[in-house]
Every structure is written in C-alpha cells, then in structure tokens.
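Only one structure is covered here, and it is reproduced in the block below.
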Number of protein chains: 2
Amino acid sequence: MKSYPSPISVTVDAVIFTISDGTLKVLLVSRDEAPFKNKWSLPGGFIHSKETSLQAIKRILKAKAGIANIFTEQLYTFDDSNRDPRGHVITISYFAFVREDQIKFNKAKHPQSPTFFSVQKLPPMAFDHAKIVKYAIKRLQAKLEYTNIVYALLPKTFPFSQLQNIYEEVWNRKLDKRNFRKKFMSLKLIKPTRGLLEGSRQRPARLFQFINPNQQELKKFF
Amino acid sequence: MKSYPSPISVTVDAVIFTISDGTLKVLLVSRDEAPFKNKWSLPGGFIHSKETSLQAIKRILKAKAGIANIFTEQLYTFDDSNRDPRGHVITISYFAFVREDQIKFNKAKHPQSPTFFSVQKLPPMAFDHAKIVKYAIKRLQAKLEYTNIVYALLPKTFPFSQLQNIYEEVWNRKLDKRNFRKKFMSLKLIKPTRGLLEGSRQRPARLFQFINPNQQELKKFF
DNA sequence: CCAAAAGTGTTGACTGTACACCCATGT
DNA sequence: ACATGGGTGTACAGTCAACACTTTTGG
C-alpha cells in the first residue's frame, strides 16, 4: 500500500443565519490568534483526525457559540491557493440556521464574542470569508424558493407576517401580501392555530404552525 | 503561529458525462493499485501539495484519459468516515462534460482502460463512487433545467432531435416534440443554420447552432 | 409507394401578478 | 376617532400540457 501523499490542512467554516429584529444576520466571531488576529471571521477551525467535517462543525459551533442541534448543510469547498497566508489550507463550508430563541451568548464561555451582523452591514472579514458569506446568501435565496427550510427560522407558532418578512429579507424585495399568502397556503405546510398574537397595538394576528411538528428534513415543494 | 493540526489526505474525483449512441454515459477507469485494485472507479487521485483541487482534476484527467479543456464544476465534498479503507481520506468531487468527438483513448497512453458506461448499466465501483455518480446525475438533471450546460454536450451544429434526446436521456422520460421545440426556441439560445443533416434515409433534419459561438460559461435561463 | 423521422398550431387548464378596501385592536 | 398592521378576491396575462397530421427523403 502506498503512503498518503501530500497531506493538506482541512478546516471547516459555518455560515450561520438568523433573523432577528426582522433582518437577516450572519454569525461572526473575533479571531483569537494569527493570522488575522482580532478580525471578524466565520466560526470554524481545523478538522480533527478522527472526525468528519460535519462532526467538526458541530463541535466548533458548540464550543465557540454554544450552538447545538441546528440544521446544517454543506455549502462548498473553497481551496483557492491564496485564501490562507499559512499555505495550502482548504475549507469545507457549511450553512445553517438558528432561531433567535436558541441562542444565549456568554462572555465567559464564548470569549470570541460571537455576534450577529446584518448581511447589509458586514464588517471586513478574515481570509476569503466575505466571499463565502456571499455564496451562502445566494444558496439560501435559492433554497428558500423550492424547499421548506424557512421552518428552521421560525418559532413554533408565528404570525403570517413573520413568515413573509423572512422571504422579503432574504430575497431583499417586497412581496404582495395577498399573492404570497395564497401561494404559501397552497403548499399545505402550515395551518392556523387558535392563538392570536397579543401585545401589539393593532389588530391581533392569527398564529400559524407547521403541520408536521417534527419537520426536520428538507422537503422540496414540487 | 500554531502548527497545522491533523493533516488529512485529500483526493479529487471527477464524474465525466457524455452522450454517445444516444445514451448518457459516465467515464470510469480500472484501478491499478490497492485498495480496490482492478475495480472500476471514477478517475481521480491525490491533490499535490502546490495545486488546487481544480488543477488536480485537470492534471489527472489529462494523464488518465487524455481529456483537456472541458467544463468542470465542483459537485460535493464527501468525507464519510468509512468511505476509504486507508483511513481518513476526503474527496472533492467534480462533474464535467465531454463531447464524443473530444475523446480518443489509447491503450498505451491510458493503461487504466478509460471506458464510458451507460448510467443504466453501471458496474460495481470502488469506494463510495456509486453514491457520487448518483449525486452527480441528480445535479446534472437539475442544471439542465435552468442553465445552458447542454451546450457542453453538443457539437457545433446538431439537429433539433439530438438536443431533445439529451434532455430525454438525462431526465429519463419522453418529451413532446412540439412543446419542447417551442419552449427551447423561446430561450433564444440557438438558431437554425443553412445546413441539413445528410445520410439518413428519412427527411433530412435542419441543423442548429448556438447563437453565441464561444459560449463557455454557464448561464441561467431565467 | 412505403417506412421513418422531421416539422408544425390550437385549445384549455393552471399559475403568477396586479391591484384597493375593510377589520380589529390600543391609545 | 385615529393610527396601525391584519386580512381578503377578482381579472388578466403568460406558461404549460395535451393532442394528430403533413412533409421529405431513401430504398
């Protein structure tokens, strides 16, 4: 048996999306070592020798931001020769979603200051992470159109306007209320509950929920 | 600066499609070393330390099958822990297209017997390559729908039926002649030439060509 | 003249889009 | 009473799917 030629360093990076304050945001952490020390970057790190890239992502997200049990999907493997000043380092990138209520950051446990940035106002980032985020947004926009991933961004019950807002934020354009409701309802993914959204100073909105309560996997609409 | 932890062996594999004898085929080579010696596998190999995965694919395809200058696109990175008996080996897979007339295999130059197999009659394959091929076919089916990649599978001029045949083969279903022609023509990608297809014993077919003669990149239809 | 593939239009169903007003509540 | 977002229906245009016959050539 031949020896294994040319070992290469392999990292993983995650583009974690959330919707908070009604806008689409991405999770960044402050790098605690060179290169790019103190620059914002996607949460990521080297793959350990006995784990898969998916296991590595889950380990790193838990350690750096206390995030667990979220939907993740492979995005792309970036290996441009100039992407890392340390040499030949490739990264397998993932994208994922969290709901606001799943997050609790903590200065002591998460010293790299995990912070959600609006995709409209991203800071300068380490490596080629700006490119990776851009690519992830494109993928997210496409997936929203033909799958039910929006599920991963919504709480158990939600008013219809919150659902529509996600589509508007991700696609970055306004949608017609009536047409959107008609189309989404025809997909038979959600149903009204008996609940109403209290506490606004307008007419209370009907709350909806997904019909399949443990709808974990991704389904195609068509 | 920290040392680079956990080097991992990284390979590339290519799923090369062609249409020949009117059917969709995939290129396989016979492995010339362990593991899986003499089994059919996707053409691939280890990435050298100074090259990107794309460069590696191009180098390997040229060496193993004499194929150069073809359209390639990254497919997925497979890294299941059990995919390679040698240990932790991940593979960045690519898919690509050749036209029949671009190929000339040669026993002396290409000792691994590169051979196109119909996707309907694939032999047992090494590693997880059957899974990779299956994934590539799905991607190809999707891409055919909303991009102009069919370009990469057609000669300079071609009868309309050859174009339709590609769609039928890849999607594995029959399409209505009239509807297909109407729809494809409305995309304004091809135009009729003055040429006719001679040599059949039926009515000669009009030959078409793509309007942009150097249409290398992938364009979306919509 | 026969076999074989080439070529051509119309209709009905469905889907997407544009568009404006009343409703229920809190202040 | 008013400000605010919640909630609803119709009409037109464009797209998709079903469907059958004539044309041109070689043998």
Side-chain angles (χ1 to χ4, degrees), chain A residues 19 21-23 141-142 144-148 150 154-155 157-209 220-222, chain B residues 19 21-23 141-142 144-148 150 154-155 157-209 220-222:
Chain A
I19 301 271
D21 311 323
T23 64
Q141 289 174 334
L144 205 56
E145 191 160 350
Y146 66 94
T147 71
N148 64 356
V150 71
L154 286 165
T157 69
F158 50 87
F160 209 92
S161 57
Q162 190 179 348
L163 173 67
Q164 180 170 343
N165 178 256
I166 293 175
Y167 279 81
E168 293 182 335
E169 273 298 313
V170 173
W171 289 347
N172 203 25
R173 63 190 166 95
K174 290 285 167 198
L175 300 171
D176 180 89
K177 254 198 301 187
R178 283 165 291 191
N179 293 338
F180 181 77
R181 184 180 286 243
K182 207 184 322 166
K183 165 129 197 228
F184 202 91
M185 279 312 201
S186 75
L187 299 173
K188 305 284 184 199
L189 293 170
I190 65 173
K191 63 180 182 197
T193 67
R194 320 199 87 195
L196 295 172
L197 182 66
E198 311 289 347
S200 76
R201 76 167 153 292
Q202 300 85 26
R203 172 176 175 177
R206 175 70 51 191
L207 294 172
F208 289 80
Q209 63 182 196
K220 304 234 163 177
F221 282 169
F222 307 110
Chain B
I19 301 269
D21 309 324
T23 65
Q141 289 173 334
L144 205 56
E145 191 160 351
Y146 65 94
T147 71
N148 64 358
V150 70
L154 286 165
T157 69
F158 50 89
F160 209 92
S161 58
Q162 190 179 349
L163 173 68
Q164 180 169 343
N165 178 255
I166 293 175
Y167 279 82
E168 291 182 335
E169 272 299 311
V170 172
W171 288 347
N172 204 24
R173 62 189 168 95
K174 289 287 167 197
L175 300 171
D176 181 89
K177 254 197 303 183
R178 283 166 291 192
N179 292 338
F180 181 78
R181 184 182 286 244
K182 208 184 318 165
K183 167 129 197 230
F184 202 92
M185 280 310 199
S186 75
L187 299 172
K188 306 283 183 198
L189 293 171
I190 63 172
K191 65 179 181 197
T193 67
R194 320 200 87 196
L196 294 173
L197 182 66
E198 311 291 346
S200 76
R201 76 167 152 292
Q202 300 85 25
R203 173 174 174 177
R206 176 69 50 191
L207 293 172
F208 289 80
Q209 64 183 194
K220 304 234 165 179
F221 281 170
F222 307 110

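Quick note on labels: first sequence line is chain A, next is B, and so on, each numbered from 1. Computation of the quantities below employed the complete heavy-atom set of this structure, encompassing side-chain atoms and omitting hydrogens, waters and symmetry-equivalent molecules.
Scanning for ring pair (Phe, Tyr, Trp, His ring centres under 6.0 Å) contacts around Phe180(B) gives Phe160(B), Tyr167(B), Phe184(B), with sequence neighbours left out. Every residue two or more places apart in sequence or in another chain that forms a side-chain contact (heavy atoms from CB on, under 4.5 Å) with Leu197(A) is listed here: Pro159(A), Ala205(A), Leu207(A). For Gln202(B), the side-chain hydrogen bond (donor to acceptor under 3.5 Å, both in side chains) test picks out Ser200(B), with sequence neighbours left out. In this structure Arg203(B) satisfies the side-chain contact (heavy atoms from CB on, under 4.5 Å) test with no other residue, sequence neighbours excluded.
Between Arg206(B) atom CZ and dA6(C) atom P there is a gap of 13 Å when expressed in whole angstrom units. Note: CZ (Phe158(B)) to P (dA5(C)) measures 20 Å, nearest angstrom. Computed from coordinates, the Leu207(B) CG to dA6(C) P distance equals 11 Å when rounded to whole Å. In this entry the distance linking OH of Tyr146(A) with P of dT15(C) reads 21 Å, nearest Å. When rounded to the nearest whole Å, the span between CZ of Arg181(B) and P of dA5(C) equals 16 Å. For the pair Leu175(A) CG and dA18(C) C1', the computed distance is 14 Å after rounding to whole Å. Leu197(A) has its CG atom 14 Å from the C1' atom of dG26(C), to the nearest Å. Taking atom CZ of residue Phe180(A) and atom C1' of nucleotide dC19(C), one finds them 18 Å apart after rounding to whole Å.
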- line: Nucleotide by nucleotide, nucleotides 18-27 of chain D touches protein heavy atoms under 4.0 Å in the pattern (B base, S sugar-phosphate only, - none) BBB--BBBSS
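When atom types are taken as modelled, the side chain of Glu198(A) and the backbone of Pro204(A) share no donor-acceptor pair closer than 3.5 angstrom.
Here Ser161(A) reaches the OP1 or OP2 of dG6(D): one of its side-chain N or O atoms lies under 4.0 Å away.
Applying the salt bridge (Lys or Arg N to Asp or Glu O under 4.0 Å) definition to pairs two or more places apart or across chains, those involving residues 161-181 of chain A are Glu168(A)-Lys174(A).
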